Amino acid sequence: MGGGGLHPDASVKKVLIHSDGGCHGNPGPGGWAAVLAYGKHVRELKGGVPATTNNRMELQAAIEALRILKEPCQIDFHTDSQYVRQGISQWISGWKRNGWRTSNKQAVKNADLWRELDAATAMHKIQWHWVKGHAGHTENERCDELANEAIAAVKARYTSQQLKALLEEFKAETEAQLL
């Protein structure tokens, strides 16, 4: 399921990852976050962009979490996004086989990020898990909090007029990519 031909091995680090992404408005200013745990070590990551979608932020969270790992790991990856979990574990092989087209011959949305996520999974052995969002799951709630902090930081960095202009530009670029 996602990535690499590694077999469970005591020498391979076992990492627990939780991730989340979100937007204020969809599309709108967005943020992503991940919490990685290895033994007693915990690392939190977050970031944001002025114009994006919820799904893009969910994907970015997963990409950034995996990108930070510098060696092959055995990962239990928890996301509250069925889009990410099903996309990487079920749909992506068909998209690649079909030249990044869906079964309906449509361009895959967010193909740029799906390619990045696919590459980021390559050296790892990953078990993908879905967790219900906003249901009191401690690590998922922490990711949600971090993603919202990232969104707040983006909103503080730009005027409302700048955010509106960036959103219009994002919408136009998104439309062009799907043609």
Side-chain angles (χ1 to χ4, degrees), residues 1-23 30-49 52-103 108-151 153:
M1 278 227 207
L6 298 177
H7 299 290
D9 178 334
S11 67
V12 176
K13 291 181 179 173
K14 292 177 175 53
V15 178
L16 179 62
I17 299 175
H18 289 81
S19 72
D20 195 17
C23 283
W32 59 265
V35 176
L36 293 81
Y38 168 64
K40 292 186 249 178
H41 307 283
V42 175
R43 179 133 185 221
E44 295 181 340
L45 310 171
K46 65 181 175 181
V49 294
T52 189
T53 63
N54 185 69
N55 282 342
R56 287 188 69 79
M57 290 295 88
E58 294 281 5
L59 285 163
Q60 195 68 52
I63 292 163
E64 298 296 338
L66 294 171
R67 190 179 279 158
I68 202 163
L69 301 172
K70 301 302 181 206
E71 61 188 79
C73 297
Q74 186 175 333
I75 301 166
D76 272 314
F77 201 115
H78 298 262
T79 177
D80 64 4
S81 171
Q82 289 284 19
Y83 176 69
V84 170
R85 188 185 67 80
Q86 291 179 325
I88 197 65
S89 61
Q90 297 172 24
W91 307 330
I92 199 165
S93 58
W95 293 338
K96 291 191 312 187
R97 192 173 48 249
N98 294 333
W100 293 96
R101 296 271 174 198
T102 65
S103 57
V108 171
K109 289 182 182 177
N110 306 312
D112 58 331
L113 294 179
W114 282 114
R115 285 183 179 100
E116 284 187 54
L117 183 58
D118 187 40
T121 65
M123 74 171 159
H124 305 291
K125 172 76 172 154
I126 305 172
Q127 194 69 36
W128 294 90
H129 306 277
W130 178 77
V131 296
K132 184 173 174 58
H134 310 288
H137 188 281
T138 304
E139 291 86 353
N140 181 260
E141 294 295 335
R142 179 61 181 150
C143 287
D144 185 64
E145 185 180 316
L146 291 167
N148 278 303
E149 287 174 10
I151 294 168

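For this chain, numbers begin at 1 and follow the sequence in order. From a predicted model like this one, the values you see are computed outputs, not experimental measurements.
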Which heavy-atom pair separates Ala150 from Gly48 by the least distance, and what is that distance?
CB-N, 4.1 Å
Audit row: His129, Thr79, side-chain contact (heavy atoms from CB on, under 4.5 Å) steps and yes/no:
CA-CA 6 Å; His129 306 277; Thr79 177; over 6 Å; no
Let me have the donor-acceptor pairs involving side chains of residues 93-100, under 3.5 Å, with sequence neighbours excluded, atom names and distances please.
| from | atom 1 | to | atom 2 | distance (Å) |
| --- | --- | --- | --- | --- |
| Lys96 | NZ | Asp118 | OD1 | 3.4 |
| Lys96 | NZ | Asp118 | OD2 | 2.9 |
| Asn98 | ND2 | Gly94 | O | 3.2 |

Quick check: does any side chain N or O of Trp130 sit under 3.5 Å from a backbone N or O of Asp80, one acting as donor and the other as acceptor?
yes
How are the rings of His18 and His137 set to each other: parallel, tilted or perpendicular (split at 30° and 60°)?
tilted
Knowing that exactly one of Glu145, Glu149, Glu64 qualifies, which makes a side-chain hydrogen bond (donor to acceptor under 3.5 Å, both in side chains) with Lys46?
Glu149
To the nearest 0.5 Å, how far apart are CG in Asn148 and SG in Cys23?
10.5 Å
Return the minimal non-hydrogen interatomic distance between Leu146 and Leu45, and the atom names on each side.
CD1-O, 4.4 Å
Can you measure from OG1 (Thr121) to CD1 (Ile75) and round to the nearest 0.5 angstrom?
9.0 Å
Once rounded to the nearest 0.5 Å, what's the spacing between atom CD of Glu139 and atom CZ of Arg142?
11.5 Å
Test log, rule side-chain contact (heavy atoms from CB on, under 4.5 Å), inputs Leu36 and Leu16:
CA-CA 6 Å; Leu36 293 81; Leu16 179 62; over 6 Å; no
Taken to the nearest 0.5 Å, the spacing of Arg115 CZ from Leu117 CG works out to 13.0 Å
Asn140 and His78 side chains, donor-acceptor separation under 3.5 Å:
no
Smallest separation among heavy atoms of Phe77 and Ala65, with atom names:
CE1-CB, 4.3 Å
So does Gly21 get a backbone contact from the side chain of Glu58, meaning a donor-acceptor N/O pair under 3.5 Å?
yes
Drop me the distance from Lys13's NZ to Lys70's NZ, to the nearest 0.5 angstrom.
12.0 Å
Partner residues of Asp112 under the salt bridge (Lys or Arg N to Asp or Glu O under 4.0 Å) criterion, sequence neighbours left out:
Arg56
Mind checking what makes salt bridge (Lys or Arg N to Asp or Glu O under 4.0 Å) contact with Lys109, not counting sequence neighbours?
none
With no hydrogens and no angle check, is any side-chain donor or acceptor of His124 less than 3.5 Å from a backbone partner on Cys73?
yes
In chain order, what residues pass the salt bridge (Lys or Arg N to Asp or Glu O under 4.0 Å) check against Glu141, with sequence neighbours excluded?
none
For Ala61 against Ala34, the heavy-atom pair lying closest together:
O-CB, 4.1 Å
By ring-ring contact (aromatic ring centres under 6.0 Å, His included), Tyr83 pairs with (sequence neighbours left out) Trp114
Closest heavy-atom contact between Ile17 and Leu66?
CD1-CD2, 4.1 Å
Evaluate Val84 against Trp128 for side-chain contact (heavy atoms from CB on, under 4.5 Å), listing each step before the verdict.
CA-CA 9 Å; Val84 170; Trp128 294 90; 4.1 Å; yes
Could you state the interatomic distance from CD (Gln60) to CG (Asn110), rounded to the nearest 0.5 Å?
10.5 Å
Which atoms form the tightest heavy-atom contact between Ala33 and Cys143, and what is the distance?
CB-O, 3.3 Å
Qualifying residues under salt bridge (Lys or Arg N to Asp or Glu O under 4.0 Å), relative to Glu116, sequence neighbours excluded
Arg67
